[in-house]
Trainee: 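Before I ask anything, let me first share the structure, which is written out below as C-alpha cells.
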Protein chains: 2
Amino acid sequence: MSSTSYPPARNNRTRNRKKPRRDEIPDIVIGRLPIYLRTLRQMTAEGKEITSSQELGQILGISSAQIRKDLSHFGEFGKQGTGYNVTYLCRQLEKILNVDHTWPVVVVGAGSLGTAIANYQGFAKRGFQIVAICDEDPGKIGKEVAPGLVVEDCARLSARIREEGVKIAVIAVPAHAAQRVADMLVEAGIRAILCYAPTTLKVPPSVRVEYIDPVIHFQHMTYYLR
Amino acid sequence: MSSTSYPPARNNRTRNRKKPRRDEIPDIVIGRLPIYLRTLRQMTAEGKEITSSQELGQILGISSAQIRKDLSHFGEFGKQGTGYNVTYLCRQLEKILNVDHTWPVVVVGAGSLGTAIANYQGFAKRGFQIVAICDEDPGKIGKEVAPGLVVEDCARLSARIREEGVKIAVIAVPAHAAQRVADMLVEAGIRAILCYAPTTLKVPPSVRVEYIDPVIHFQHMTYYLR
DNA sequence: TCCATTTCGTACATTTTATCACAATTCAAG
DNA sequence: CTTGAATTGTGATAAAATGTACGAAATGGA
Ligand SMILES: NC(=O)c1ccc[n+]([C@@H]2O[C@H](COP(=O)([O-])OP(=O)(O)OC[C@H]3O[C@@H](n4cnc5c(N)ncnc54)[C@H](O)[C@@H]3O)[C@@H](O)[C@H]2O)c1
Ligand SMILES: NC(=O)c1ccc[n+]([C@@H]2O[C@H](COP(=O)([O-])OP(=O)(O)OC[C@H]3O[C@@H](n4cnc5c(N)ncnc54)[C@H](O)[C@@H]3O)[C@@H](O)[C@H]2O)c1
C-alpha cells in the first residue's frame with residue numbers, strides 16, 4: 001500500500017469542480033466502465049496494488065487520455081505522479097456502476113443456453129445471482145437444471161419477480177417467443193433485460209435491453225476477412 | 001414483387017458518385033449492417049417484400065436517416081417513393097459483409113459453454129458452420145459433444161486450421177487460459193476470434209477480436225437501475 | 001533540499017458520428 | 001396526364017467523441 005491515502009486530498013483545482021448530473025454522462029462512457037472494472041479486478045487477483053491510465057490503456061488498447069477523461073466524470077480517483085490504487089478504484093467503480101452488492105437475476109427459457117447460464121459460476125462470482133428460471137414446456141418444469149435451481153412455470157416466475165423485486169432478467173427462448181416473454185417481464189416489473197434471442201425487442205423507455213448475438217459479431221468480423 | 005427491378009437504374013445523380021474505399025468506411029457503420037441484415041432476413045421469413053428506412057428504423061430504434069446514410073456508403077439499393085426490396089437488400093448486405101457463403105469456424109474449449117455452442121443450430125442456419133472443437137483435457141478428447149463433432153486435441157485443431165484454411169475461432173476456455181489459446185490460434189492462421197472468456201486479449205493488428213461477456217452488459221445496465 | 005521524472009485532470013482542438021432538410025423520383029388515384 | 005403522398009440519397013450542419021498538450025502535484029534519488 002502506498003504511504004498516502006486515496007482518494008487524494010482536495011486542493012484548489014478540485015474544490016470548484018462541478019459534478020455532472022448522472023443523466024448527462026454519455027452512455028458510451030458508462031459502457032467502458034465495466035471493462036475497466038474487470039481489468040482492475042483481475043489486477044487485484046494478481047496482487048497488483050497500483051496502476052496508471054497508461055497501463056490500463058495499454059492492456060485495453062485504448063488511450064490513457066480516454067480513461068482519465070472517463071473517470072473524471074465521476075471524481076478524482078488517482079494521484080498525480082503515482083497513478084491509481086487498484087483496490088480503491090475498484091470500489092469506486094463498483095459504487096458508480098451500482099454493483100457494490102449482489103443483484104438477483106431471473107432466466108426465462110431452460111433450453112440448452114438457459115441451462116448453461118444457470119450453471120455458470122461466473123455470474124455469482126461477479127455479483128449476479130441467478131435466483132429463478134422458468135420454461136413454458138411442462139416437461140421441463142420441476143427439473144433441477146443447476147444445483148438448487150428448479151425450473152418453474154412462467155406465472156410463478158412472474159409472481160416471484162414482483163414479490164422479490166427482481167429487476168434483471170435474461171431471455172433465452174427462441175426468437176419468435178422473445179417479444180411475448182419481454183412483455184411478460186416488463187409487466188412483472190423487470191427493468192433490465194439481457195436478450196440472447198436474435199431479434200430486436202420493443203419495450204418502454206424505462207426498460208433497458210442489451211443483446212448478445214454471436215452471429216452479429218461473426219458478420220462484423222467477416223467484413224474484414226478478404 | 002414490384003413491377004420494376006432493383007437495383008434502380010443509374011441516373012445523372014448516381015453516375016458520378018464516388019465509391020469510398022473499403023477501409024475508410026467507419027467501423028461503427030459496419031457494426032450496424034448485421035443488425036439490418038438480421039431484420040431483413042426476419043422480414044423475408046415473414047414474406048415481406050418491401051420495406052423502408054423508416055420502417056427499419058422504427059423496428060430497430062434508430063433514425064431512418066442513419067440507415068439511409070449507412071447504406072449509401074456502399075451504393076444505392078432503394079427506390080425513391082417506394083423503399084427497399086427486402087430480398088435484394090438482403091443479398092447486397094450479404095455480399096458487403098462477406099457472408100454470401102458459409103464460413104467454417106473452430107471452437108476451443110469443450111466445457112459447458114463450448115458444448116452449448118457446438119449444439120446450437122443458429123450458427124449454421126446463419127452461415128457459420130462449426131467444423132471442429134478441441135480441449136486440453138485428455139478426458140474430453142474423443143467425446144462426441146454434438147452430432148458429428150468429436151473433441152480433438154489442440155495440436156490436431158491447430159493442424160486443421162492450417163490445412164483447411166479456417167479463419168474464424170471461438171474461445172470458450174477459462175480466462176486464465178485465453179491468451180495462450182489466442183496465441184496458438186493466431187499462430188495457426190486464425191484471423192477473427194470471438195472470445196467468451198472475460199479478459200482482454202493481445203493479438204497482432206491483422207487479427208480481429210470481439211468479446212462476449214454477459215456480466216459487462218449487466219453492469220452497464222445496473223448503472224441505470226436506481 | 002532540489003531536480004528529474006511520472007502521472008493526473010482538464011481546457012482546447014480535432015475528428016468522427018448523427019441529424020436535418022430538400023431535390024429528385026416513384027407511384028397510385030382521379 | 002396531373003396531382004399528392006411517400007421515400008431515397010446526400011450536402012450541409014450540429015452534436016458527440018476523441019486526442020493533444022500542459023499546469024499541477026507526487027515521488028524518489030542526488
Ligand atoms: N445455445 C446457444 O449456444 C445459443 C447461443 C446464442 C444464442 N442462442 C439463442 O438463445 C435462445 C435459446 O437458445 P437454446 O439453444 O437454449 O434453445 P432451446 O430450444 O434449447 O431452448 C429454448 C427454451 O425456451 C423455452 N420456451 C419457448 N418459448 C417460451 C416461452 N414463451 N416462455 C418460456 N419458455 C419458452 C422452450 O421450451 C425451450 O426449453 C435462442 O433464441 C437462440 O437463438 C443460443
Ligand atoms: N457457461 C456459460 O454460460 C458462460 C457464459 C459466459 C461466459 N463464459 C465463459 O466461457 C468460458 C468457458 O466457460 P465454461 O462454463 O464452458 O467453462 P468450463 O470449465 O465448463 O469449460 C472450460 C473448458 O476449457 C478447457 N480448457 C482449459 N484450458 C484450455 C486450453 N488451454 N486449451 C483448450 N481447452 C482448455 C477445459 O478443459 C474445459 O473443458 C469461461 O471463460 C467463462 O467465463 C461461460
Side-chain angles (χ1 to χ4, degrees), chain A residues 1-20 24-32 36 49-58 60-86 88-89 92, chain B residues 1-20 23-32 36 50-58 60-86 88-89 92:
Chain A
M1 190 68 184
S2 73
S3 57
T4 49
S5 68
Y6 286 81
R10 302 221 133 197
N11 58 24
N12 283 338
R13 192 155 38 75
T14 56
R15 197 170 296 134
N16 297 323
R17 204 177 59 79
K18 83 148 189 276
K19 188 173 180 179
E24 58 189 30
I25 294 167
D27 183 65
I28 196 166
V29 171
I30 308 302
R32 281 189 292 262
Y36 302 163
E49 294 185 351
I50 301 288
T51 187
S52 65
S53 59
Q54 191 163 43
E55 185 180 40
L56 276 169
Q58 183 93 66
L60 298 175
I62 63 187
S63 79
S64 61
Q66 177 150 83
I67 291 171
R68 293 199 302 278
K69 175 157 282 195
D70 285 351
L71 296 177
S72 78
H73 283 100
F74 303 97
E76 303 189 345
F77 307 115
K79 198 185 286 184
Q80 287 151 324
T82 306
Y84 301 94
N85 176 295
V86 174
Y88 176 73
L89 186 52
Q92 297 310 305
Chain B
M1 191 69 187
S2 72
S3 57
T4 49
S5 68
Y6 285 81
R10 302 221 133 194
N11 58 25
N12 283 338
R13 191 157 37 76
T14 56
R15 198 168 296 134
N16 298 323
R17 203 178 58 79
K18 85 148 189 275
K19 188 171 181 180
D23 65 319
E24 57 190 29
I25 294 166
D27 182 65
I28 195 160
V29 171
I30 309 301
R32 282 189 292 261
Y36 302 162
I50 303 289
T51 187
S52 65
S53 59
Q54 190 162 45
E55 185 181 40
L56 275 169
Q58 184 92 66
L60 297 176
I62 63 188
S63 79
S64 61
Q66 177 151 83
I67 291 171
R68 293 199 301 279
K69 177 146 278 191
D70 284 352
L71 296 177
S72 79
H73 283 99
F74 303 96
E76 303 189 345
F77 306 115
K79 197 184 286 182
Q80 286 154 326
T82 306
Y84 302 93
N85 175 295
V86 173
Y88 177 72
L89 187 52
Q92 298 309 305

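What's counted below: heavy atoms across the whole structure, side chains too, no hydrogens, waters or symmetry copies. Just so you know, these numbers come straight off a predicted model, no measurement behind them. Numbers restart at 1 for each chain; the letters A, B, ... are given by sequence-line order, proteins then strands.
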Trainee: Do A/His73 and A/Pro26 have side chains that approach each other closer than 4.5 Å (heavy atoms only, starting at C-beta)?
Mentor: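 Yes, side chains in contact.
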
Trainee: Which pair of heavy atoms, one from B/Tyr36 and one from B/Ile67, lies closest together, and at what distance?
Mentor: OH-CG1, 3.6 Å

Trainee: Quick one: is D/dT27 close enough that its OP1 or OP2 comes under 4.0 Å of any side-chain N or O from A/Lys79?
Mentor: yes

Trainee: Between atom CG in B/Leu60 and atom P in C/dA18, what is the gap in whole Å?
Mentor: 14 Å

Trainee: Which heavy-atom pair separates B/Val29 from B/Phe74 by the least distance, and what is that distance?
Mentor: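 The pair with the smallest heavy-atom distance is CG1-CE1, 4.3 Å.
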
Trainee: Provide, to the nearest angstrom, the distance between the NE2 atom belonging to B/His73 and the P atom belonging to D/dT8.
Mentor: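 The answer, rounded to whole Å, is 17 Å.
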
Trainee: On DNA chain D, compare the nucleotides closest to A/Gly81 and B/Gly83; which residue's is nearer the 5' end?
Mentor: B/Gly83

Trainee: Would one find a side-chain N or O of B/Ser53 under 4.0 angstrom from OP1 or OP2 of D/dT8?
Mentor: yes

Trainee: Take atom CZ of A/Phe77 and atom C1' of C/dT7, then tell me their distance rounded to the nearest Å.
Mentor: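 The distance from CZ of A/Phe77 to C1' of C/dT7 comes to 17 Å, rounded to the nearest Å.
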
Trainee: Give the rounded distance in Å between these two atoms: CD1 of A/Ile67 and P of C/dT7.
Mentor: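 Result: 13 Å.
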
Trainee: Just the rounded figure in Å: distance from P of D/dT7 to CG of B/Asn85.
Mentor: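 Going from B/Asn85 (CG) to D/dT7 (P), I get 15 Å.
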
Trainee: Would you say D/dA6 has OP1 or OP2 under 4.0 Å from some side-chain N or O of B/Tyr84?
Mentor: no

Trainee: Could I get the full list of side-chain contact (heavy atoms from CB on, under 4.5 Å) partners for A/Ser52, not counting sequence neighbours?
Mentor: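 Partners of A/Ser52 under the side-chain contact (heavy atoms from CB on, under 4.5 Å) test: A/Gln54, A/Glu55.
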
Trainee: Checking side-chain polar atoms at under 3.5 Å, does B/Ser64 have a donor or acceptor matched by the opposite partner on B/Arg68?
Mentor: yes

Trainee: Test of understanding: with side-chain hydrogen bond (donor to acceptor under 3.5 Å, both in side chains), list the residues that count as partners of A/Ser63, not counting sequence neighbours.
Mentor: none

Trainee: Might you list the N or O atoms of the protein lying below 3.5 Å from N or O atoms in nucleotides 16-20 of chain D, with each pair's distance?
Mentor:
from, atom 1, to, atom 2, distance (Å)
D/dT18, OP1, A/Arg32, NH1, 3.4
D/dT18, OP2, A/Arg32, NH1, 3.1
D/dT18, OP2, A/Arg32, NH2, 3.0
D/dT18, OP2, A/Gln66, NE2, 2.9
D/dT18, O5', A/Gln66, NE2, 3.1
D/dG19, OP2, A/Ser63, OG, 3.2
D/dG19, O6, A/Lys69, NZ, 2.8

Trainee: How long is the line joining OH of B/Tyr88 and C1' of D/dT8, in whole Å?
Mentor: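 Distance check: B/Tyr88 OH to D/dT8 C1' gives 14 Å.
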
Trainee: Measure from the side-chain heavy atoms of A/Ser52 and tell me the nearest of C/dT10, C/dC8, C/dT26.
Mentor: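 Out of C/dT10, C/dC8, C/dT26, the nucleotide with an atom closest to A/Ser52's side chain is C/dC8.
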
Trainee: Within the structure shown, what part of the strands sits under 4.0 Å from A/Ser64 by heavy-atom distance: base, sugar-phosphate, or nothing?
Mentor: nothing

Trainee: Rounded to whole Å, how long is the line connecting atom CD1 of A/Ile50 with atom P of C/dT6?
Mentor: 17 Å

Trainee: Salt bridge (charged side-chain N to carboxylate O under 4.0 Å, His left out) with A/Arg32: which residues, sequence neighbours excluded?
Mentor: A/Asp70

Trainee: Write down the distance between CD1 (B/Ile30) and P (C/dT17), rounded to a whole number of angstrom.
Mentor: 11 Å

Trainee: So, under a plain 3.5 Å distance rule, would you say the side chain of B/Gln80 forms a donor-acceptor pair with the base of D/dT8?
Mentor: yes

